[in-house]
Structure formats: C-alpha cells, structure tokens
Amino acid sequence: MKFKSITGTRDVLPEEQPYWRLIENKIYQITSLFGYQRVDPPIFEETALFVRGVGETTDIVEKEMYTFKDKSDNSLTLRPEFTAGVIRLYLQNGMHMLTKPVKVFSIGPIFRYERPQAGRFRQHTQFNVEAFGEKDAAIDFEVMSIAWHLYAELGFKGLRFQLNSTGCPVCRPQYIEKLQNHYRKHIHLICQDCKRRLQRNALRLLDCKVPDCQPVIQSAPVISEHLCQDCESHFAKLCHYLDLMERPYTINHKLVRGLDYYTKTVFEVWAQGIGAQNAMCGGGRYDGLIELLGGDPTPGIGFGSGIERIILVMKEQGLTPPPLEVPKIIIAHMGEAAKEMAINLTHQLRNARIPVQLSFGDRSLKSQLREANRLGMDHVIIIAEQEVADQTATIKRLSDGVQEAVPQNKIIAFFSDRVVAQS
RNA sequence: GUGGGUGUAGCUCAGCUGGAUAGAGCACCAGGUUGUGGCCCUGGUGGCCGCGGGUUCAAGUCCCGUCACUCACCCCA
C-alpha cells in the first residue's frame, strides 16, 4: 500500500455513517427548535485572527496550530476552534446590526497538532454554538440546554454539567493575586509545570493532576467566593435556572478552560467511556472577545462539542443509530438481451423511487444469487432467456425462496406497495 | 514535546528458548447444480513477517536505529 492517512486523521467508513446521520439530524432539529441559524466560516483564516482570538499564551496558539504560508506569502491557519472565525464572520457580514441576540451554529472540521489518543485527533469535527449580544444568564442556560437536549435525545445516561465562573476583568485579577500568594507560600511543594503556570497562567494551576500538587489545590482560595457583585449575581442566576429546570450540575472550582477569552460562565458536559477525555463539550461566556476582534463591546457565549467523542460515548453506552436505508432488490440477468432488459428495468424502478441495484458482469446465476444473499437483499429479479421471450421477470423472495413470474409492466406495481424510498 | 505497549494475509491472530517452501479462522473467487442463494464439501487468489542496519552457518524469532499505530502525560472536543 502506497499511501496512508496522516497521523491523527481518520476515515469514516460506511459502518459508522448511521451515527453521523443521526447526530446531524438531531443537531438540525434542535438548533431549529431553539432558533439558531447555521453559518459556515471557511476552514482557514489569517493566522492573526486565531492568535488574537484564542490568546497568544494558550497552548493552542503556542504549539498546536496548523499554520502555513500560501503562495502570496500570507500566513494562514487551519481553524483550531470555531469562535474566532464565527465572530469574524459576524462582524464582516454586518450581522452585528441584526436584532440581538444573534444565535448561530456551525458544524465542521477543526485542526490541532496534538498527539492523538483515545477521543482526541488532529482533525476532528465540532458542533459549535454561539449567541452574541446578550448578557442575561438565561441565555447561558439556553446555550447549555442545546448541548443537553442533543445528548438527551441521543439517549445518554448520567448526564451532568460541570460548572464554574472565572470572573471578569474586575474581579479575576484580584483572585489571581490571592491564588498566586497562596502558591508562593507552598512553592516548594508544587511540580515544575505549576511553577511555570504560576507566572504565566495562574488559573491553570487549579487543574494540575500531579498528586503532589493536590493538597495545594485543595487549600487554594475558591474563585466563586471572590467574584465581584456582577459576576456573582450572574452565576447565582444561572445556578437558579439550572435548579429550576432540574438540570444536574456540579460546581467545579477547578474547571478553568484553556482559552484566555472566557469570562464568567465556563462549563463542560462529562461522560464516561472516552479514555482520559471526559468532556463531550466545553464552552463558556466571552464578554470581551468581540471587542478584542474589532467589534463594539458585545457579550457572547458558546460551546463546542466533538462529534467523534459523541460517537465514542454512544458506542460505550450501547446506543445504536437506525441503519441507513439501502436497496433490498437486485436484478440478475443471463445473456446480452436479458442484460439490456435489466438495465432498462433498473432505470424504470429508480425513476419510480424504488431503490434497486443491478448485477454487473456476465456471471453465473448462482454467483449472482450468492452476491444477492451476501448483500442482504430481500428480492432478486431474474431475467434470462425465458423471461426475455415472454416479457416477464422472475421475482424471487430470498427469505423463503418463493418465486413468481411477473409481467414486466407490472413490476413497479409489484414493488411499490412494499418498498418505499427514503426521502 | 515526554513515557509505556504493539507492528506477521483485506480483518482477528498463531508462530515455544533463532533451524519450514511463513500458518489458522473469517472474508474474497471458483467448482460440487452449463437457470437458483443461505448450510456443507473441495480447490484457489492473497504476505519484501513496518522499514534500515547489525549479530549468526542460519533472523518472523536476538540487538540497535527508525517509522507507524495505540494508550497515557501536557493540553483539549
């Protein structure tokens, strides 16, 4: 074999397509139910958009972007997430003049140069939702509900939100200061990575998994107790709405997401069954980002959900999608005249929206029937010398082998009341 | 970028401490019925044993390197 797929990419074979079809259909139903419209930004943008939007000090920008130069020497990057591109689309196309909130979703591939492992790839597919221009905590709840609905309709068990607030430019710096003070007192106890985090990205100290660091995390100040008035009441309202609608959630003080732009709400939905990765979706509020990317000050909230991870969890939980419809009729033939008749009949049946396959080549009837059996057909239409002579076709039912001669002009009628094509 | 595991047929895997023309099951093709599938029987196609080097009379088997896959870390969907 000469070529193989690139590290971290995968082929989606026919067996897996029912999962994709089901999930996509649910996404269309739910977004329509909630009033979100689809937008499709391009797969690549100028590099600066992502550097600005995602944050220069994030791991994504520092080491995970697929960045390349085009023939005009422009630096371009395959999108490592949706939000920055969707905001660019929103601003460039004047959508900021629309009645707010502006509610949109996207589906498509995302690229990050990482070491692949269970539930993580270099190219994966995300379902992404964004709502621009509304600061009410009720929309935080609505956006979270979209993810919830999707997983619930797919039949997931044991769903639970992980929730936290990361504050805002008013209260977060004060909290970070307290956190840093706490860590400086225990600096001799923490790991090398944490020493680096202490300087560069103090919030990330909280989700370190090194055992030695856990006591320091346990005793660290909790951000939700250090929020400003505005952030605290926003967080309280969101929790209230979740309580009201009986959505299970855990306030997770250690949930701080890897992107710089989050303010106030951050959340994930967790599931078991995807190895070390347990987040099926992740998102939050980013009230300063649109302004940072050149728009008017506008609040926003969104999330991304990895479809490959959804499929992994479905498989883990034994959730099977309905099979895609395939033809259950095949036309077998013997002899050149019969073959021509078969080609013609195939055409007629397909025009009548009856799914049908044609047998190819000039093989023994035995071989064609064996093929029909392997393909899981319900009926075989046999056309040979005899059928050509009297303008009939032999229709054989494979389940019990019963067969009958049907005049060729009655074949469509024969099938139309027992086979309905998928629309 | 770091660490562990694994690379033999399309797929799942045997191949013991180095000594065959490299195997099995499934799948595929054909025949057993020159107009009839499934079950069964018979035969067949298909492998530079990941790649490169080394040790040896002899390497699928041992050593080194490399690449790929995989799991985990960092981080994330």
Side-chain angles (χ1 to χ4, degrees), chain A residues 1 3-10 13 15 54 57-64 79-83 107-129 147 191-194 196-197 201 204 207-211 255-259 267-271 274-283 302-313 330 332-335 338 359 361 363-388 393-403 405:
Chain A
M1 195 184 304
F3 297 106
K4 52 181 190 273
S5 59
I6 302 300
T7 297
T9 65
R10 54 193 290 282
L13 303 180
E15 302 87 88
V54 177
T57 63
T58 58
D59 276 15
I60 290 179
V61 168
E62 283 186 342
K63 54 182 200 185
E64 294 178 356
R79 63 185 176 207
E81 58 123 44
F82 263 112
T83 305
I107 306 175
I110 293 292
F111 304 86
R112 284 180 207 166
Y113 191 88
E114 303 181 271
R115 284 295 287 273
Q117 65 189 74
R120 188 169 67 191
F121 311 96
R122 287 186 178 174
Q123 176 182 333
H124 77 280
T125 312
Q126 269 188 28
F127 164 48
N128 185 263
V129 169
C191 69
Q192 285 306 313
D193 284 338
C194 280
R196 199 157 29 84
R197 292 189 185 104
N201 204 337
R204 311 310 300 284
D207 64 357
C208 181
K209 282 149 200 126
V210 174
L255 181 65
V256 288
R257 300 187 44 76
L259 307 166
F267 70 93
E268 294 182 348
V269 175
W270 284 10
I274 43 180
Q277 271 61 20
N278 51 9
M280 272 203 298
C281 77
F303 73 85
S305 180
I307 302 209
E308 287 82 356
R309 282 193 187 176
I310 294 176
I311 292 172
L312 275 173
V313 175
I330 189 165
H333 49 80
M334 294 185 74
S359 183
R363 297 141 59 213
S364 68
L365 185 59
K366 172 193 180 126
S367 160
Q368 296 183 66
L369 276 162
R370 198 184 283 163
E371 175 189 23
N373 190 60
R374 258 193 291 107
L375 294 174
M377 295 289 158
D378 290 338
H379 296 270
V380 182
I381 301 175
I382 300 166
I383 301 174
E385 261 180 54
Q386 189 62 48
E387 287 81 359
V388 172
T394 297
I395 300 178
K396 179 181 178 98
R397 189 164 62 202
L398 288 177
S399 57
D400 55 10
V402 170
Q403 58 187 54

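Letters go in sequence order (proteins before strands), and every chain restarts at 1.
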**Prompt:** Can you tell me if E308(A) and T125(A) form a side-chain donor-acceptor pair at under 3.5 Å?
**Reply:** yes
**Fill in**
Closest to the side chain of R204(A), out of G35(B), G31(B), C75(B), is C75(B)
**Request:** Once you apply the 3.5 Å cut-off to both distances, tell me the Watson-Crick or G-U wobble partner of G10(B), or none.
**Result:** C26(B)
**Prompt:** Can you tell me if CG on L13(A) sees more than 12 non-hydrogen neighbours from other groups inside 6.0 Å?
**Reply:** yes
**Message:** Reading RNA chain B from 5' onward, which residue's closest nucleotide shows up sooner: P116(A) or M280(A)?
**Reply:** P116(A)
**Request:** Identify whether any heavy atom of I110(A) sits under 4.0 Å from a base atom; if not, whether one sits that close to sugar-phosphate; answer base, sugar-phosphate or nothing.
**Result:** nothing
**Request:** Looking at every strand, decide which applies to E62(A) at a 4.0 Å heavy-atom threshold: base, sugar-phosphate, or nothing.
**Result:** nothing
**Prompt:** Q117(A) side chain: which of G35(B), C73(B), A68(B) is closest?
**Reply:** C73(B)
**Message:** Strictly below 4.0 Å: does R374(A) bring a side-chain N or O up to OP1 or OP2 of C29(B)?
**Reply:** yes
**Message:** Quick check: closest heavy atoms across M377(A) and L398(A), and the distance to 0.1 Å?
**Reply:** O-CD1, 3.3 Å
**Asked** Mind checking the P distance from U8(B) to G3(B)? Whole angstroms is fine.
**Response** 24 Å
**Message:** Using whole Å, what does the distance between atom P of nucleotide G38(B) and atom CG of N373(A) come to?
**Reply:** 7 Å
**Prompt:** Think S367(A) has a side-chain N or O under 4.0 angstrom from the OP1 or OP2 of A30(B)?
**Reply:** yes
**Asked** With a 3.5 Å cut-off and just heavy-atom distances, do the side chain of Q368(A) and the base of U36(B) make a donor-acceptor pair?
**Response** no
**Prompt:** What does C40(B) pair with, Watson-Crick or G-U, if both distances are under 3.5 Å?
**Reply:** G32(B)
**Prompt:** Between C71(B), G32(B), A77(B), which nucleotide has the shortest distance from any of its atoms to the side chain of K366(A)?
**Reply:** G32(B)
**Residue A118(A), side-chain atoms from C-beta onward, closest of A30(B), C74(B), A72(B)** = A72(B)
**Item:** R120(A) side-chain N/O to R115(A) backbone N/O, donor-acceptor pair under 3.5 Å
**Value:** yes
**Request:** Please determine, for G1(B), whether a Watson-Crick or G-U wobble partner exists with both distances under 3.5 Å, and give it or none.
**Result:** C73(B)
**Message:** Looking at N128(A) and F303(A), would you say the former's side chain and the latter's main chain have a donor-acceptor pair under 3.5 Å?
**Reply:** yes
**Message:** Measuring to OP1 and OP2 of U36(B), would you say a side-chain N or O of T394(A) lies under 4.0 angstrom away?
**Reply:** no
**Prompt:** Is a donor-acceptor pair below 3.5 Å formed from side chain Q403(A) to base G37(B), judging by atom type as modelled?
**Reply:** no
**Prompt:** If you check every side-chain atom of R115(A), which of G35(B), C75(B), C71(B) has the closest atom?
**Reply:** C71(B)
**Item:** P gap between A9(B) and G50(B), integer Å
**Value:** 8 Å
**Nearest-nucleotide pick for R120(A), side chain only, options being A30(B), C75(B), G35(B)** = C75(B)
